[in-house]
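Reading through the structure tokens given below for one structure.
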Protein chains: 2
Amino acid sequence: MTETFSPAQTVEISGFSLDTLRYYEKIGLIEPVRRAAGGHRRYSEDDLGWLDMLRCLRGTGMPIAQMQNFAVLAREGDDTVEDRLALLEEHDAAVEAELARLLEQRSKVRAKIEYYRAYLAQQPAVCVPQGD
Amino acid sequence: MTETFSPAQTVEISGFSLDTLRYYEKIGLIEPVRRAAGGHRRYSEDDLGWLDMLRCLRGTGMPIAQMQNFAVLAREGDDTVEDRLALLEEHDAAVEAELARLLEQRSKVRAKIEYYRAYLAQQPAVCVPQGD
DNA sequence: CGATAACCCGGAGCACGCTCCAGGTCCAGC
DNA sequence: GCTGGACCTGGAGCGTGCTCCGGGTTATCG
């Protein structure tokens, strides 16, 4: 066990591009990845788990800077679990707010759509000759 | 009637910054705004209505480029209503998809939160002396 | 009439989050 | 052994969407 994954496999699994993976490592979002003899990266299962976490956070709009805070805490060990939990809960609230905002804005867009539809219904087929 | 609004009022009402208003005008998202004698802008009620539309679109994540397409159609007159409707419907579908994505990702974040909570529950109060 | 605030313009700058590039190294298959 | 593809590095570049700056003009208020 303790399988490892090539960069290409990791791209495939994580959904991050190769460049993004290296970028994340460079800025400390990922701990330095183990290397094979020749210097090529070998991502561990733990790395993939962490990448999955990052995907969740990015996918819900967490800024890089905040993910960095989270990464620092994660690296400090088990006694930061409470802090991390707090950070996630705060983020969850932010996501909730964003969802609410989106829903509200969507309803406005839909109102505009209805408005256009009504316009078209009331002013039908401009090009159709009337009454022959 | 046919009230007009100063830039400051328009900022207040539209929620866009002064710079953003001028930027939008520059890139053609807004038609050239009428000016008072001295060259200061006077936004019309129509302008405000259009700004409200832009806010809906931006607020639901429509890229500037697409809003520009929309603006061009709007400027071409009433016989583009169908095209505009199609554009809005397409956008509405995109918003829908984005909402679905967000909801799914949120559930993953919440799963992580639960995981942390479980960890804390199982490993309670590290600092409390055990059994005196 | 003077001061202060609001506004004008063109253009530069910025924050974010990647993405691409050049010039090399490593490794798997024939 | 050689070739082609995957991978390495540091650093530059880019797309988006504003935001800020400097220097000047116009409006408002006491």
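In what follows, every chain begins at residue 1, and chains take the letters A, B, ... in the order their sequences are listed.
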Q. Could you walk me through whether A:Ile13 and A:Asp52 pass the side chain to side chain contact (heavy atoms under 4.5 Å, CB included) check?
A. CA-CA 9 Å; A:Ile13 297 168; A:Asp52 181 55; over 6 Å; no

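In summary, the side chains of B:Asp47 and B:Ser44 do present a donor paired with an acceptor at a separation below 3.5 Å, with no hydrogens or angles considered. Side-chain polar atoms of B:Thr60 and B:His91 form a donor-acceptor pair below 3.5 angstrom.
Residue B:Glu82 qualifies as open at atom CD: its count of foreign heavy atoms under 6.0 Å is 12 or below. No more than 12 heavy atoms of other residues, nucleotides or ligands lie within 6.0 Å of CZ in B:Arg34, so this atom counts as exposed by the packing criterion.
Going from atom CD of A:Glu25 over to atom P of D:dC8 covers 9 Å, rounded to whole Å. Put simply, CG on A:Leu57 is 13 Å from P on C:dG17, counting in whole angstrom units. With rounding to whole Å, A:Leu21 atom CG is found 16 Å from C:dC20 atom C1'. Rounded to a whole Å, the CG atom of B:Leu18 is 15 Å from the P atom of C:dG10.
Between B:Phe16 and B:Tyr24, the two ring planes are perpendicular [angle over 60°; tilted spans 30° to 60°].
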Q) If the sugar-phosphate is the primed atoms plus P, OP1 and OP2 and the base is the rest, what is the B/S/- string for nucleotides 12-30 of chain D, using protein heavy atoms under 4.0 Å? A) -----BBBB-----SS---

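For D:dA6, the OP1/OP2 oxygens have no side-chain nitrogen or oxygen of A:Ser6 closer than 4.0 Å. The side chain of B:Arg41 places no N or O atom within less than 4.0 Å of a non-bridging phosphate oxygen (OP1 or OP2) of C:dC7.
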